[in-house]
Participant: 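Sharing a structure below in C-alpha cells format, with a few things to ask.
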2 protein chains.
Amino acid sequence: MATVRRTPLNRDRVLRAAVALADEVGVAGLSMRRLAQQLGVVPMALYKHVADKEELLDGMVDVVIGEFDTPGPGLDWRDGVRARVLSARRAVLRHPWARQAIESRTRRTPTVLAYMNSVAGVLLDGGLSADLTHHVLHALGNRIWGFSPELFDEPRDENAPPPTPEQQQAMAAELSQRYPHILAIAMAATEGDLSRVGPGCDEEFEFRFALDLLLDGAERLRRGGWTSTAADPIATLRD
Amino acid sequence: MATVRRTPLNRDRVLRAAVALADEVGVAGLSMRRLAQQLGVVPMALYKHVADKEELLDGMVDVVIGEFDTPGPGLDWRDGVRARVLSARRAVLRHPWARQAIESRTRRTPTVLAYMNSVAGVLLDGGLSADLTHHVLHALGNRIWGFSPELFDEPRDENAPPPTPEQQQAMAAELSQRYPHILAIAMAATEGDLSRVGPGCDEEFEFRFALDLLLDGAERLRRGGWTSTAADPIATLRD
DNA sequence: ACCTGAACACCGTTCAAGT
DNA sequence: ACCTGAACACCGTTCAAGT
C-alpha cells in the first residue's frame with residue numbers, strides 16, 4: 001500500500017516540482033535524484049517526462065517566463081515596454097535561481113518567442129521602425145561589461161557581525177589608497193556612511209535607471225528617423 | 001622515472017591550465033579530476049593550491065580580467081570607457097566560457113576592484129559626479145530583461161544542412177502567424193532574406209549600439225547636472 | 001612542502017525488466 | 001503507459017599516509 005501514488009507524474013508536475021525545489025535549494029542543489037525523491041519516485045521515472053536535465057532546465061525557464069505579464073496597450077510605448085520588463089523582473093526575483101538559468105539557456109522555446117513578440121509589438125506599434133526595434137531588443141538584452149557588477153548589492157552574510165568602526169576605518173583607508181574612485185562612489189551612494197554599503201544601494205532604482213537611459217535614447221533615435229545604415233550610431237545621438 | 005615532473009605545481013600554473021582546459025572543453029567539461037589529469041597529477045594535488053572548485057573558478061575569472069586593457073587618458077570620457085569596455089569584451093570573447101563564469105561569480109577580487117576603479121576613474125575625470133558615476137556603473141552591468149536575447153545570433157548547428165526554400169517558406173509562414181512582430185524584425189535585419197538569419201546579425205554592432213545609448217544618455221544627464229534625488233530619473237531626460 | 005591512495009557521498013544516464 | 005533495480009562512468013572532497 002505504500003506504493004500507491006494518487007496522481008501519476010506528468011511533465012507539468014515535474015516542472016512545477018523542479019521550480020519549487022530550485023526556489024528552496026538553488027540550481028546548484030537541484031539534481032535529478034533529489035527532484036525524484038521530492039516526488040516520491042525513483043530517479044529514472046523522471047526521464048519519461050523530460051529528455052534529460054537540460055530539457056528540465058529549459059522547461060523550468062518556460063515556467064518562469066509564463067509568469068510574465070503582458071499588459072494591454074498603454075499610452076506611450078515606453079510605458080508599455082517598461083511594464084513588461086518590470087513584470088519580467090519581478091518574476092525573476094521571485095525565483096532567485098532564474099536569472100542564471102535563463103542566461104545559460106540558448107533554446108528558443110515558444111514561450112520565449114511569445115514574450116519577445118509581445119515586446120516587439122509594443123515597439124512597432126509605438127512607431128519605431130523594424131530596424132530600430134531590432135536593435136533596441138538587442139540593447140535590452142546586452143550586458144555591457146564582462147564581470148559581475150554587484151559590487152555593493154551582494155547580500156551580506158547574515159551570520160557575520162556588522163563591521164566595527166575600526167573595520168570601517170580600515171576598509172576606507174584600503175579603498176582610498178588602492179581604489180580611490182570606488183571610494184568616491186561608495187561615499188556618494190551611502191551619503192558618507194560606509195556601514196550602509198550593503199543594503200544602501202537600491203537595486204530597483206539602478207535597474208530603472210539603465211532601462212530609462214536605453215528607452216530614452218531609442219525615443220530620440222525614433223524622432224530623428226535613425227537607421228542602422230548610418231555610419232556610426234553614436235553620431236546621430238551627439239548634438 | 002615516470003614519476004619525475006620538471007616544474008612543481010603552483011597556483012598560477014593550475015589557473016592557467018584550467019583556463020586552457022575550459023577554452024577547449026567549456027565550463028561544463030571542466031572538472032577537478034580532468035584538470036589534474038591534464039597536469040599529470042592526482043586530483044587531490046590541486047587542493048594544495050586552490051581551496052575548492054569555487055576558488056578555482058574565481059581564479060580563472062581573475063585571469064581573464066587580467067587580460068583587460070586599461071588604456072591611457074583619452075580626449076573624451078566616453079571614448080575612454082568605450083576602449084576599456086570593448087577590450088573587456090574582446091577578452092571575454094577569447095574565452096567562450098568566461099561570460100557565464102563571470103556572471104555566476106559574486107566574489108569581489110582585487111582584480112575586479114582594480115578594473116572597476118579604472119572605469120570609475122575615467123567617468124569621474126570626465127566630469128561626472130560620483131552619484132552619476134555610481135549609477136552609470138550599474139547601468140553598464142544591468143541586463144534588462146530576464147531571458148537569453150540571442151534570438152538570431154545563436155551559432156547554427158554546423159552539421160545541419162542549410163534550410164531549403166520550402167523550409168524557409170514554412171518558417172516565415174509560422175512566424176507571420178504566431179509571431180508577426182518577430183518576423184517584421186527578422187525581415188528588416190536580413191533585408192528580406194531570411195536564410196541569412198543566423199550569421200546576418202552583427203553582434204558587435206548590437207553591443208556598441210547598447211553601449212552608446214547608455215553613454216550618450218549619461219552625457220546628457222551630466223550636462224543637465226542630474227542627481228539621483230530627482231523624483232523620476234526619466235523626467236530629466238524627457239524634453 | 002608537496003603529492004598520493006583509498007574511500008565517501010554524491011552525480012546523470014543506460015538498459016532490461018516489471019506491472 | 002508508466003515506473004523500477006541494478007549498473008556504469010563519472011563527480012568534489014575527506015583523511016591519513018607517504019616522500
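In what follows, every chain begins at residue 1, and chains take the letters A, B, ... in the order their sequences are listed.
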Participant: Identify all side-chain donor-acceptor contacts of residues 22-46 of chain B below 3.5 Å with residues at least two apart in sequence or on another chain.
Facilitator:
| unit_1 | atom_1 | unit_2 | atom_2 | d |
| --- | --- | --- | --- | --- |
| B/D23 | OD1 | B/H95 | ND1 | 2.8 |
| B/D23 | OD1 | B/W97 | NE1 | 2.6 |
| B/D23 | OD2 | B/H95 | ND1 | 3.1 |
| B/S31 | OG | B/R34 | N | 3.0 |

Participant: Expressed as a whole number of angstroms, how long is the span from A/R13:CZ to D/dC2:P?
Facilitator: 13 Å
Participant: Tell me whether the OP1 or OP2 atom of C/dC3 has a side-chain N or O from B/H49 closer than 4.0 Å.
Facilitator: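 Checking B/H49 against C/dC3: at least one side-chain N or O falls below 4.0 Å of OP1 or OP2.
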Participant: Go nucleotide by nucleotide along DNA chain D from the 5' end; which of A/R33 and A/K48 gets its closest nucleotide reached first?
Facilitator: A/K48
Participant: Could you check how far CG of A/L35 sits from P of C/dC10, rounded to whole Å?
Facilitator: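 Computing the A/L35:CG to C/dC10:P distance gives 17 Å.
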Participant: A/D52 CG to C/dT14 P: how many Å, rounded?
Facilitator: 8 Å
Participant: By the ring pair (Phe, Tyr, Trp, His ring centres under 6.0 Å) test, which pairs, at least two apart or in different chains, include something from residues 17-64 of chain B?
Facilitator: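 Pairs touching residues 17-64 of chain B that pass the test: none.
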Participant: In dot-bracket form, how is DNA chain C paired, counting a Watson-Crick or G-U wobble pair only if both its distances are under 3.5 Å and using | for bases paired to another strand?
Facilitator: ||.|||||...|||||.||
Participant: So, for A/V50 and A/E55, which heavy atoms are closest and what is the spacing to 0.1 Å?
Facilitator: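 Smallest heavy-atom distance, with atoms named: CA-OE2, 3.8 Å.
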Participant: CD of A/Q37 versus C1' of C/dC10: gap in Å, rounded?
Facilitator: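 It is 12 Å, rounded to the nearest whole Å.
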Participant: Write down the atom of A/R13, the atom of A/P8, and the distance for their closest heavy-atom approach.
Facilitator: NE-O, 3.8 Å
Participant: When the distance from CG of B/L39 to P of C/dC3 is rounded to whole Å, what number comes out?
Facilitator: 10 Å
Participant: Backbone N or O of B/E54 within a donor-acceptor pair of the B/R105 side chain at under 3.5 Å?
Facilitator: yes
Participant: Grab the CD-C1' distance between A/E54 and C/dC11 for me, whole Å please.
Facilitator: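 Distance check: A/E54 CD to C/dC11 C1' gives 15 Å.
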Participant: Nearest of D/dT13, D/dC11, C/dC11 to any side-chain atom of B/R34?
Facilitator: D/dC11
Participant: If each of A/Y47 and B/P43 is mapped to the nucleotide of DNA chain C with the nearest heavy atom, which maps nearer the 5' terminus, i.e. the 5' end?
Facilitator: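 First, find each residue's nearest nucleotide; the 5'-ward one identifies B/P43.
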Participant: Look at the aromatic rings of A/F209 and B/H135 and report parallel, tilted or perpendicular, splitting at 30° and 60°.
Facilitator: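 Rings of A/F209 and B/H135: tilted, 30 to 60°.
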Participant: Looking only at the side chain of B/L9 (C-beta and beyond, no hydrogens), which of the listed nucleotides D/dC3, C/dC3, D/dT13 gets closest?
Facilitator: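 Per side-chain heavy atoms of B/L9, the pick is C/dC3.
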Participant: Using a 4.0 Å heavy-atom cut-off, does A/M32 contact any base of the nucleic acid, only the sugar-phosphate backbone, or nothing at all?
Facilitator: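 Sugar-phosphate contact only.
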Participant: How many whole angstroms separate atom CE of B/M44 from atom P of D/dC11?
Facilitator: 15 Å
Participant: Say we look at C/dC3 and D/dC15: how far apart would their C1' atoms be, to the nearest angstrom?
Facilitator: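 The same atom, C1', in both gives a distance of 14 Å.
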Participant: Choosing from C/dC3, D/dT13, D/dG12, which nucleotide comes nearest the side chain of B/S31?
Facilitator: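 Of C/dC3, D/dT13, D/dG12, D/dG12 is nearest to the side chain of B/S31.
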Participant: Within the side chain of A/N10, is there an N or O that forms a donor-acceptor pair under 3.5 Å with the backbone of A/D12?
Facilitator: yes
Participant: Of the options C/dT4, C/dG12, D/dC3, whose atoms approach the side-chain atoms of B/V41 most closely?
Facilitator: C/dT4
